[in-house]
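The block underneath contains the structure these notes are about, expressed in structure tokens.
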Protein chains: 2
Amino acid sequence: MQNSEAMALSAALLAVAGGLTQRIHEGVLARGFEGVRPAHGFAFARLAPDGATVTDLAAHLGVTKQAASQLVDEMVRKGYAERRPHPEDARARLVVLTERGWACTRAAEEAAAEAVREWGALLGEREVRSLGRQLLRIAPHGPIRPAW
Amino acid sequence: MQNSEAMALSAALLAVAGGLTQRIHEGVLARGFEGVRPAHGFAFARLAPDGATVTDLAAHLGVTKQAASQLVDEMVRKGYAERRPHPEDARARLVVLTERGWACTRAAEEAAAEAVREWGALLGEREVRSLGRQLLRIAPHGPIRPAW
DNA sequence: ACTATATAGTCAAGCTACTTGACCACTTGG
DNA sequence: CCAAGTGGTCAAGTAGCTTGACTATATAGT
């Protein structure tokens, strides 16, 4: 494969990712959750199952723990998350989603599903599933970098 | 397709895009081009064929023309681009890549090709081409948003 | 041809999300 | 039980964006 082909593939991938991010963002806003930025989505994803510490979150997002702490401040202030004492480590705090945080997560899922459905209309359901499988196989495991 | 599946697909897509961005960025740095940020790559792509005005660039990147102008300042200062008088409009300036700018663009292409080759090792060349075709078909046409 | 409005670009100031550095509280290992 | 390590926050600085104001040139209307 030539370099220019690889570049075209890369450009398409980044364009699709950028468009998807914006679609999800708009969809979340349209569902009444204000003051949420795309970066929060990645935090929500990490907090969703059982909560996480600020340090976990920082590693997941690939930022400093100070930045992660500020992000949590903001999410707490806006009612999406709360800090609880950590059950096993008195230094740490467990950050968990509030009911509003869960609702926002569901809104993001709906918005994502909406965008993906449009891909289904263009490519067919079968191709979209194939796309998903391929992406899962090449997805990196390290921290997610929400900012370029 | 369920919402959770769409979310898994979206997460994989964003993770791949983030990883690719970082890989290209590192590859460009490793080839000796310092002080370049991922956002510059999108500017390079717009300038590459025949140059562009600051206003074109701003629309392409989805930022204000002031921000685009600052980006161009930086690229000029670092030797990647230069401003020329516009041949048809005395108000405008045509921003074009310097030789160093072209070299940096080629370095980015090489880095992208390197990353895509690794996908080829995982999925097979055939599947990677299929991935590229699918992505091209669902890629949005509007401005590219380099920041989430 | 002349005026009015629109467009290309820059300068200046402000905002915001991040960074680095310093510090305290608690935990862990010799 | 003390030394080093880890979780978290406070404070200050930075970089990349924004909004607002302005100049120079172009374009359209009469």
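Every chain is numbered from 1, with letters handed out A, B, ... down the list of sequences.
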*With heavy atoms under 4.0 Å as the rule, sort B:Ala92 into base, sugar-phosphate or nothing.*
sugar-phosphate

*Do any side-chain nitrogens or oxygens of B:Thr55 fall under 4.0 Å of OP1 or OP2 in C:dT7?*
no

*asked:* Distance check needed: D:dT18 P versus B:Leu61 CG, whole Å only.
replied: 10 Å

*Can you tell me how far C1' of C:dT10 sits from CG of B:Leu71, to the nearest Å?*
15 Å

*Can you establish whether the number of heavy atoms outside A:Glu34 located under 6.0 Å from its atom CD is more than 12?*
no

_How many whole angstroms separate atom CZ of A:Arg37 from atom P of C:dT16?_
10 Å

_Taking only side-chain N and O atoms of A:Thr53, does any of them lie within less than 4.0 angstrom of OP1 or OP2 on D:dG7?_
no

*Taking only N and O in the side chain of B:Arg93, is any of them less than 4.0 Å away from OP1 or OP2 of C:dA8?*
no

*Is the number of heavy atoms from other residues, nucleotides or ligands under 6.0 Å of A:Arg84 CZ greater than 12?*
no

Residues 4-12 of chain A side chain polar contacts: donor-acceptor under 3.5 Å, at least two apart:
residue: A:Glu5; atom: OE1; partner: B:Arg129; partner atom: NH1; Å: 2.9
residue: A:Glu5; atom: OE2; partner: A:Gln2; partner atom: N; Å: 3.2
residue: A:Ser10; atom: OG; partner: A:Ala6; partner atom: O; Å: 2.8

*asked:* If I take atom CZ in residue A:Arg84 and atom P in nucleotide D:dG8, what distance separates them, rounded to the nearest angstrom?
replied: 16 Å

*Separation of atom CG in B:Asp56 from atom C1' in C:dG9, rounded to whole Å*: 13 Å

*Report yes or no: does A:Arg23 contribute a side-chain atom to a donor-acceptor pair with the main-chain N or O of A:Ala112 at less than 3.5 Å?*
no

*For B:Gln70 and for B:Leu94, locate the closest nucleotide of DNA chain C by heavy-atom distance; then report the residue assigned to the nucleotide nearer the 5' terminus.*
B:Leu94

*Using a cut-off of 4.0 Å between protein heavy atoms and nucleotide atoms, how would you tag nucleotides 23-30 of chain C 5' to 3' with B, S and -?*
--BBS---

_Whole angstrom value for the distance that separates C1' of D:dT6 from CG of A:Leu57_ = 17 Å

*Only one of A:His86, A:Arg93, A:Arg91 forms a side chain to side chain donor-acceptor pair (under 3.5 Å) with A:Asp89, so which one is it?*
A:Arg91

*Keeping the roles fixed (side chain from B:His25, backbone from B:Val36), state whether a donor-acceptor pair exists under 3.5 Å.*
yes

_Gap between atoms NE2 and C1', on B:His86 and C:dG9 respectively (whole Å)_ = 13 Å

*Given DNA chain D, 5'-ward residue of the pair B:Ala68 and A:Val54, judged by closest heavy atom*: A:Val54

_How close do B:Thr21 and B:Pro38 get, counting heavy atoms only, and between which atoms?_
CG2-CB, 3.8 Å

_With a cut-off of less than 4.0 Å, is there a side-chain N or O of A:Ser69 near OP1 or OP2 of D:dG8?_
no

*Establish, with yes or no, whether the OP1 or OP2 oxygen of D:dT9 is under 4.0 angstrom from a side-chain nitrogen or oxygen of A:Arg83.*
yes

*asked:* Tell me if the side-chain of B:Gln66 makes a donor-acceptor pair with the base of D:dG20, cut-off 3.5 Å, by modelled atom types.
replied: yes

